[in-house]
Each structure stands twice: as structure tokens, then as C-alpha cells.
Amino acid sequence: MPGESDGDAGYSAPRYNKSSSSASSMTSSGSLCGRCSSFSPRASSALDVPLQAATERGLSLLSEKPPPKESAAEDGRRLLSLPSRKPHRSSDPAWAAIRSIGAIVGPKDFKLVRRLGSGDIGTVYLCRLRDDLHRPDSPSLPSPPPFYAMKVVDKRELAKKKKLGRAEAERRVLSALDHPFLPTLYADFDAPPHFSCAVIEFCSGGDLYSLRHRQPSKRFPLSAVRFYGAEVLLALEYLHMLGVVYRDLKPENVLIRSDGHIMLSDFDLSLESIASPAVRYSPDRCGGGTPWLPKSNESRWSLCLPQRLSRFMRPWGGKDPSRIGPDSLSRSRSTRSSSSAAGRFFVAEPVEARSCSFVGTHQYVAPEVAAGGAHGAAVDWWAFGVFLYELAYGCTPFAGPTNSATLRNIVQSPLTFPQQAAAAAPGEVRLRELISALLEKDPAARLGSSCGAAELKSHPFFEGLNFALLRSQPPPVVPGAPPCSARSKSCREQHRGGAKSHRSSFDFYF
Ligand SMILES: Nc1ncnc2c1ncn2[C@@H]1O[C@H](COP(=O)(O)OP(=O)(O)OP(=O)(O)O)[C@@H](O)[C@H]1O
């Protein structure tokens, strides 16, 4: 099997082993699917702006040339690239603080507070603006000065490890995001001779893996599973609308902001495809395997196809292949649907994104990946099923004593639930039904594979949940002010003896 890598003993170690092999990738072509559906009306108001922006970005993400970076400072070390089109963040004080220092931003403008963690491709620091740059007198600026997370990539090292493409892919994805449950890239600059820095929001609450371990029995109550599941679902929906297949969903990558809402992080394994949302005319309901969806119910599926989106409904053209990473060979012309009006269906699932790379974390990879086949956006819905399972039951469904055993289980073993879940409350029955539909081994039959997030949002497990107002709902846990006290992934790795060096030459910039 691909990805067989080790003789790791025990259940805990393999889940952190992240794999990415760009073996081969293939391009898929083909016709658009006619089985489409709509957004749930529940999702149509508050998140409209991010979704619309997603569509715009989806088209621009891979099509435009990268914005020119201005060489700015006399010392040659400050290179500017402030992301501009972030309507969702227009009133964000943390961004306002950075903007207040002028158009040119560089490493010298920040002071490092401490190291938050490091991963495969970079080191993340807690930082803030230098004291002399902070202007507390300005009423529009936050006081005390906000914290940021700065992800620093050593390009020279990554080039040696042939992982530079992953860092570049992550930067492209980050610069396109503008969504409440995804990171905002505040600034993006190089630090010569060979570092590259991305400044994003700091999440003071640690990650969902650590938070789960602090729960009784290391499991979340059903209400929390629903809440975190719904927020992650919205983040995935937005990514898919951009044409981005995330491929690295796991609790460790779901960070908790100080207000308790989530932020999905870590996009270096993401697969970029070319999103071209399309209007389909089809009487078919979405998802043959989703009996809870009405056959034809215009009132329920009546999120109008916004006129403002219709200009994007065209076959893809003018793409710039140079913007597509080595692991992003999908040339999808289509995405599949999420909304309908009068028989029209808005298609936004990147169903034709295809890669053959072995990518992901063992316990979370889908069977098509574990078996070495091509995969597409449906891998995110599989991982979402594993994610819900882990939050609710405190373990993943197919974990084995070694990575190889885990992969075998994923491909061959039937899904089972813990005994105690048998006498389940109605909510739990619905959760199990949802997880079973997501952990369908055949990707074509998997929930979400046809029509994306709309299929999941309409599942009875989420009944009564107002997706549009989710960001205003009280989260299960509110961590409060930084700095983060939760153990980060890298801390856990340290405990397992796998930590990387805590200092890099980048530290000496500050
Ligand atoms: N915005 C943030 N706020 C707080 N902590 C963060 C933030 N981003 C990252 N971290 C911490 O830094 C660690 C490393 O970050 P990240 O996972 O993005 O790096 P990576 O090199 O991409 O790792 P990976 O090996 O998973 O790809 C994370 O585990 C997390 O603990």
C-alpha cells in the first residue's frame, strides 16, 4: 500500500504522520454532473458575502498572475504584499493595526513573543507589532496591541527537501481566504536571504485535539460535536467553492480563537483545482443517497442564484498554469452544486479535482487514497466523517497498531461504533447515520461527493441549526485572552521525542 512508512507501535503516533508524496497526478476531464442541488436557505444570509467572495477568489486564485511584490525598503529586506480584497475583514482591528504602519511591512516591524510550534514546512511564532509602531492614540486601533501568528518558512531548507511547492501552495490558498472560520493573511513578505513570512490571526485557544483531551472521557458532548462540526463544514464548503480540496482535516488543524470559534489551519497539503461554479438545469434532486432531501421543494431550495454570481458561470478560460503547484494538476472545469432556483442549480463542489498523490494523515485518509487510487474533493467528506467520529467517541474509527494496519482497516474493515453508543439518544442516532454516510468507502456514493456541503447541511443531525448565524452563537468553550496555554501539536511531538529544533536562524532577525 502507498504510504506504508514505518513500524510505529501504538495508536497515537501514526495519526501525526503526515504524508505527501507527489507520485503522479492526473487530470480529469468530463462533463458536468446534472445531479445537483442547492444551498440550504439557512446558509444564505450572513455568509453570503464570504461565499460570494469565495466564488470570485475561486476564479482568481489560480487564474491571475501573482500580485507583483514591490521592493520597498532601502535595506532590501522588506517586500510588500498586503492582501487587499478581504471584505469580511474590513473592520478587523488586528488588520487595521498592521495597515496603520503604512504600505510597507516587513520582519523588522514585528517582535517575536515566543515560538508557538513548528511543523513539516514551517515554524509559527506568536508576535506583535513593535512598540514604536503601535499607535494607541488612534481610536480605531486596538489597545493593547493585538497578537499575531507568523508562519516562517525557510525556503532554502524546503527547497532541499523538495517541499517548496507545498509552502507556495499554502501561501496562494491563504491569500485567497476571507471567511470567519479560516485564517486571514494580514501580511506576507520575504525576509532575505531565504525566509518567507506570513502573518495571520493568532488563535489563543489551542487546537481541538487538545481541547478534546480536556473533556470528560476525552469526548465532546453531542451539542459541541454539532457546533464544531457545523463550523468546520462551513469552512470546507468555502474552500471547495474556491476549488481547494483541503486534504488535511483533523482536530489538530482546527484551532480555537479567543472567542471560541474555530479556525481551520494548515493548507500545505491542499489541492488546488480550478473552480468554475456553474448553473445546471436539472430536475434531479441532489444526492441519490440522501433520502432526507426533498425531491422537489422550491421553498426549501430556493436560495436564489444571485445575479452577481451568474457572471462567473462560464467554462473556465484564461488560466495560468504557472500558478498551479506541482501537486495541483487538476484542471477541473466544473464544480458541483449547492443552490437552486426555479430548476437552476448552482454548482460549487470541485468534483473533478483529481490527484494521485498519497497525501494526508494516516487515520484520516480516505480509502481511495489508502488504496493508492486517484482522489478528489470527496476525501474531505470522508475526513469530515472521521473528524465527527473522533470528537464524539474519542478515537478514530479505523486506527490500527501501525500505519499499515490503519490503512488496511480503512480500505477493508467495516465501520463500527463503540458499544456505549448503542443505546443512543435520537441525536446520536442521527450522528451515526451522518458518519456512516460520510464513511462510505465508495467515493461516488459518499455523502457530499455529488453536491458538496449542501447535502451535509440538510442532514437531520444539523436540523434546527442556523448555519448563517453560527458565528454569533455561543461556542462550547471560550478560551479568552492569549497567550495560548494549550499544548500545541509541536509540544505533543516534543513529548514523543519528535520535536524539531526550537531555534532557527530566523530568530536572529528580531
Ligand atoms: N494561527 C495560529 N495561532 C496559534 N497557533 C498556531 C497558529 N498557526 C499555527 N499554530 C501552531 O503552530 C503549529 C505549526 O503550525 P502549522 O501546522 O501550520 O505548521 P506546518 O509546518 O504547516 O505543520 P504541518 O506539519 O502540520 O504541515 C501548529 O501545530 C499550532 O500549534
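We're numbering straight along the sequence, starting at 1. For ligands, and for the atoms within them, numbers begin at 1 and follow the listed sequence. Note that the coordinates shown come from a computational prediction; the quantities given were computed from them, not determined experimentally.
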Within a 6.0 Å radius of atom NZ on K161, are there more than 12 heavy atoms belonging to other residues, nucleotides or ligands? yes
Does an N or O from [X], backbone or side chain, lie closer than 3.5 Å to an N or O of ligand 1?
X: G122; value: yes
X: D266; value: yes
X: R166; value: no

Ignoring hydrogens, what is the shortest heavy-atom contact between E272 and A169? Give both atom names and the distance.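 E272 and A169 have their closest heavy atoms at OE1-CB, 3.6 Å.
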Give the minimum heavy-atom separation between L438 and L447, together with the two atoms involved.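 Looking at all heavy atoms of both residues, the closest pair is CD2-O, 3.7 Å.
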Out of the candidates F384, W381, Y246, only one should pair with H240 under the ring pair (Phe, Tyr, Trp, His ring centres under 6.0 Å) rule; please name it.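 It is W381; the other options fail the test.
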Heavy atoms only, cut-off 4.0 Å: how does [X] contact ligand 1, side chain, backbone, both, or neither?
X: A149; result: side chain
X: L269; result: neither
X: I121; result: both

Check for me whether K151 meets the cation-pi criterion with F195, that is, NZ or CZ under 6.0 Å from the six-membered ring centre and within 45 degrees of the ring axis. no
Quick one: is the NZ or CZ of K250 closer than 6.0 Å to the six-membered ring centre of Y364, and within 45° of its axis?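 No cation-pi geometry.
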Given D268, V152, V124, which one has a non-hydrogen atom that is nearest to atom 9 (C) of ligand 1?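 Result: the heavy atom closest to atom 9 (C) of ligand 1 is in V124.
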Out of R115, K151, E170, E252, indicate the one that has the non-hydrogen atom closest to atom 22 (O) of ligand 1. K151
Using a strict 4.0 Å cut-off to heavy atoms of [X], name the atoms of ligand 1 that fall inside it.
X: L255; result: 1 (N), 2 (C), 3 (N), 6 (C), 7 (C), 8 (N)
X: L116; result: 4 (C), 5 (N)
X: M263; result: 1 (N)
X: F202; result: 3 (N), 4 (C)

Point-to-point distance, once rounded to the nearest 0.5 Å, from CZ of R219 to CG of L222: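 Those atoms lie 11.5 Å apart.
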Are any of the side-chain nitrogens in R257 or E231 under 4.0 Å away from the carboxylate oxygens of its partner? no
